[in-house]
Amino acid sequence: MLPCLNEGSLVKCYYMERKITFLICVFSLLPAVLSAAKNPVPLEEQLEQISEMDERRLEEEVEAREKRSEEMNELIDTALSEFNTSMDKYKFIPVTQDDEKVLKRIDDIEELKQVIQMLQDMGDDASVADAKADLEKSYEELQEDTYIATSLNGTIMLRGSDYNKKNDFWSVQVYSNILGQTNLFSPELRITYSEMMSKRYNYISTMDKEQQVEYENNIQVCDSFFRQAVPLLYLRVTYQIQKWKGASEYRFVPISCDVCRNDTRRVIKTYGSQSLDSVVFHREPEIEVRTKDEQKADEDNADSLIAGDRQKQREVNQKKVSDVLAGQHGRSALFVTADTRLTNALLGDFDISKVRLNAVEANVDIGIGKFFFAGGSIGYVYNPQQAVYAFGLSGGVNGIFWGWFRPFGDIKIKYHTDYQIYVDAGGGFDFIIGKLFFTIGYNYSWAYSFTNLANGGVFSFEDVKPAHDLYLGIGFTWGL
């Protein structure tokens with residue numbers, strides 16, 4: 001028995017029991033005449049796992065409801081009522097479901113093979129040839145069509161997790177009994193906030209108070225729906241069936257998977273074939289009517305299909321790389337930085353009270369191609385003895401990710417008007433918001449004074465003084 005919630009709960013106990021019982025019945029009625037290449041979880045075991053998980057999640061909702069405010073519970077109850085009203089609009093719309101069609105075609109193929117076996121035993125070669133021609137036509141008919149499986153009638157079940165704020169997604173586990181098998185299609189899907197709500201996701205730090213309240217409320221509602229196994233989402237899987245290598249062996253090939261909001265029937269996310277795994281299964285008992293040459297031809301055809309899938313995947317990967325490269329541009333920016341300099345001696349006996357502003361610089365970088373940049377700088381160095389100005393040249397390499405994150409590495413050569421030259425090597429990160437960006441970086445610096453040489457001395461590496469520079473900056477960028 002599922003634990004009951006308090007009066008006015010999101011999903012009443014009787015509702016949950018009725019819904020789960022209905023889904024289990026639908027799941028159980030589907031014929032299990034096929035066996036997958038990898039041993040699937042028995043249907044009864046899968047249903048038991050789902051039932052136990054639903055009970056556990058419902059208990060979590062009971063606890064969450066006790067901790068939530070009365071206002072939030074009322075908001076969730078209202079959302080459920082509106083959801084059920086929306087669902088009522090679709091209850092008389094026919095649901096496309098092709099399991100029976102596929103199984104009927106496979107049955108016809110296997111029965112025809114039994115006939116061929118009998119004709120082979122009789123030695124009726126002419127009739128065998130005619131029957132094999134019909135068999136090929138049946139295979140073609142099976143393979144040419146596309147089929148649909150959906151969670152609207154229980155062939156597929158979805159169970160969602162609580163929202164992962166850190167990574168911005170709900171994890172949705174798929175359980176299926178397509179063609180009577182529990183392992184033909186069972187991916188874990190990730191639905192982001194913007195996909196679920198069909199609105200742009202903004203970082204919490206950029207939200208105003210009203211947006212934060214809306215964000216938290218939407219998460220609370222969806223989390224509560226998922227804990228109650230409310231069918232907030234439904235899945236529509238389009239697939240094909242291919243003749244495969246072995247006797248009575250077939251391949252389940254998902255073409256696409258549409259994730260939809262159940263209350264609007266709007267597609268919120270689509271997974272293509274490259275994101276979905278194909279699964280080989282076979283009909284029992286296996287019936288072999290092929291010659292050795294025909295078996296070899298089927299194996300070669302299957303290998304060719306696998307090679308084609310791999311080629312498509314390579315093309316997808318290449319496109320991803322191309323898309324990343326297309327978004328790259330060498331760093332073009334105008335910005336101001338302020339830095340502090342820490343010597344090894346200061347680091348050895350660190351005292352934050354001794355940390356001082358070292359210099360302020362104006363910088364300009366010009367992008368060169370997709371990954372490189374060069375630029376210059378002019379700055380003022382804080383020196384209690386005299387006014388010191390700095391002039392520098394720089395060059396570096398960078399990448400751009402997600403349109404807003406730009407890591408970089410660079411080398412700088414600077415001349416200070418107190419007769420010192422600096423060589424800096426380091427890197428940092430740019431955080432881009434539109435044309436504005438913020439930068440943070442670190443340089444390991446080598447400083448050398450020409451004063452000794454001007455007084456007739458000789459160069460010595462002992463006169464090179466290392467230091468550590470930390471800097472922050474703000475400016476404008478372009479060319480993205």
Between [X] (side chain) and [Y] (backbone), is there a donor-acceptor pair under 3.5 Å?
X    : Y    : answer
E45  : P42  : no
S86  : E82  : yes
T150 : L235 : yes
T85  : S81  : yes

Compare every heavy atom of [Y] with every heavy atom of [X], then report the nearest pair and how far apart it is.
X    : Y    : answer
C257 : L189 : SG-CD1, 4.5 Å
L276 : S256 : CD1-C, 3.9 Å
S332 : G367 : OG-N, 2.8 Å
Q173 : S186 : NE2-O, 3.3 Å
Y90  : D263 : CE1-O, 3.4 Å
I400 : N398 : CG1-ND2, 4.1 Å

Listed by chain and number, what are the ring-ring contact (aromatic ring centres under 6.0 Å, His included) partners of [X], not counting sequence neighbours?
X    : answer
F429 : F405
Y239 : Y147, F252
Y234 : none

Next item on the list: Would you sort out whether C260 and R265 count as a side-chain contact (heavy atoms from CB on, under 4.5 Å), showing the intermediate values?
Entry: CA-CA 6 Å; C260 310; R265 299 296 163 93; 5.8 Å; no

Does a sphere of radius 6.0 Å around [atom1] in [X] hold more than 12 heavy atoms from other residues, nucleotides or ligands, not counting ones at 6.0 Å or beyond?
X    : atom1 : answer
E71  : CD    : no
I411 : CD1   : no
E188 : CD    : yes

Partner set under side chain to side chain contact (heavy atoms under 4.5 Å, CB included) for [X], not counting sequence neighbours:
X    : result
Q220 : R68, M72
S377 : E361, N363
L470 : T340, L342, Y442
D168 : Y163, T192, Y193, Y201

Notebook entry, point to check: Among F476, Y471, F437, W478, whose ring pair (Phe, Tyr, Trp, His ring centres under 6.0 Å) with F335 holds?
Noted result: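 Considering F476, Y471, F437, W478, a ring pair (Phe, Tyr, Trp, His ring centres under 6.0 Å) with F335 is found only for F437.
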
Margin query: Assess, by modelled atom type and distance only, whether the side chains of D424 and S445 contain a donor and an acceptor separated by less than 3.5 Å.
Written below: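 Yes - a donor-acceptor pair under 3.5 Å links their side chains.
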
Margin query: For the residue pair S198 / R266, report whether a side-chain donor-acceptor contact shorter than 3.5 Å exists.
Written below: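 The answer is yes; a qualifying pair exists.
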
Next item on the list: Begin from the C-alpha positions of Y250 and V280 and carry the test side-chain contact (heavy atoms from CB on, under 4.5 Å) through to its verdict.
Entry: CA-CA 6 Å; Y250 303 86; V280 175; over 6 Å; no

Notebook entry, point to check: Taking only residues at least two apart or on different chains, which pairs with a member in residues 371-385 satisfy salt bridge (Lys or Arg N to Asp or Glu O under 4.0 Å)?
Noted result: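 Non-adjacent pairs meeting salt bridge (Lys or Arg N to Asp or Glu O under 4.0 Å): zero.
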
Next item on the list: Mind jotting down which residue pairs meet the salt bridge (Lys or Arg N to Asp or Glu O under 4.0 Å) criterion with at least one end in residues 269-278? Sequence neighbours excluded, please.
Entry: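 For residues 269-278: E195-K269.
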
Item checked: F83/V230 under side-chain contact (heavy atoms from CB on, under 4.5 Å): CA gap, chis, key distance, verdict -> CA-CA 10 Å; F83 175 84; V230 174; 3.6 Å; yes

Is any side-chain heavy atom of [X] less than 4.5 Å from a side-chain heavy atom of [Y]?
X    : Y    : result
K412 : V423 : no
T182 : S176 : no
P254 : Y271 : no
K370 : H329 : no
T439 : I474 : no
V213 : E210 : no
N164 : W170 : no
R261 : M196 : yes

Starting at [atom1] of [X], measure out to [atom2] of [Y] and round the result to the nearest 0.5 Å.
X    : Y    : atom1 : atom2 : answer
L472 : D339 : CG    : CG    : 9.5 Å
W244 : E249 : CH2   : CD    : 8.5 Å
R159 : L233 : CZ    : CG    : 11.5 Å
L436 : D430 : CG    : CG    : 11.0 Å
N262 : L158 : CG    : CG    : 9.0 Å
R236 : T238 : CZ    : OG1   : 6.5 Å

Note to self: R227 and salt bridge (Lys or Arg N to Asp or Glu O under 4.0 Å): which single residue from E59, E55, E61 fits?
What the structure shows: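 The option that passes is E61.
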
Next item on the list: Evaluate the criterion side-chain hydrogen bond (donor to acceptor under 3.5 Å, both in side chains) for residue pair N177 and T155; output intermediate values, then yes/no.
Entry: CA-CA 5 Å; N177 192 38; T155 303; over 6 Å; no

Margin query: Show, in sequence, the C-alpha distance, side-chain angles and deciding distance for F438 and I432, and conclude whether the side-chain contact (heavy atoms from CB on, under 4.5 Å) test is met.
Written below: CA-CA 7 Å; F438 300 90; I432 303 168; over 6 Å; no

Next item on the list: Find out whether the Lys NZ or Arg CZ of R331 is both under 6.0 angstrom from the six-membered ring centre of F408 and within 45° of the ring's axis.
Entry: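 Flagged: R331 positioned over aromatic ring of F408.
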
Check: Residues in salt bridge (charged side-chain N to carboxylate O under 4.0 Å, His left out) with D418, at least two apart?
Finding: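 With sequence neighbours excluded, D418 shows a salt bridge (charged side-chain N to carboxylate O under 4.0 Å, His left out) to no residue whatsoever.
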
Note to self: Test of understanding: with salt bridge (charged side-chain N to carboxylate O under 4.0 Å, His left out), list the residues that count as partners of E214, not counting sequence neighbours.
What the structure shows: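 Counting only residues at least two positions away or on another chain, E214 forms a salt bridge (charged side-chain N to carboxylate O under 4.0 Å, His left out) with K199.
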
Listing, residues 381-391 side-chain donor-acceptor contacts under 3.5 Å, not counting sequence neighbours, or none:
unit_1	atom_1	unit_2	atom_2	d
N383	OD1	Q385	N	2.8

Margin query: Looking at R65 and E60, is any side-chain nitrogen of the basic one under 4.0 Å from a carboxylate oxygen of the acidic one?
Written below: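 Salt bridge between E60 and R65, a charged N being under 4.0 Å from a carboxylate O: no.
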
Next item on the list: Decide, yes or no, whether a salt bridge links R57 with D162 under the criterion of side-chain N to carboxylate O below 4.0 Å.
Entry: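 A salt bridge links R57 with D162.
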
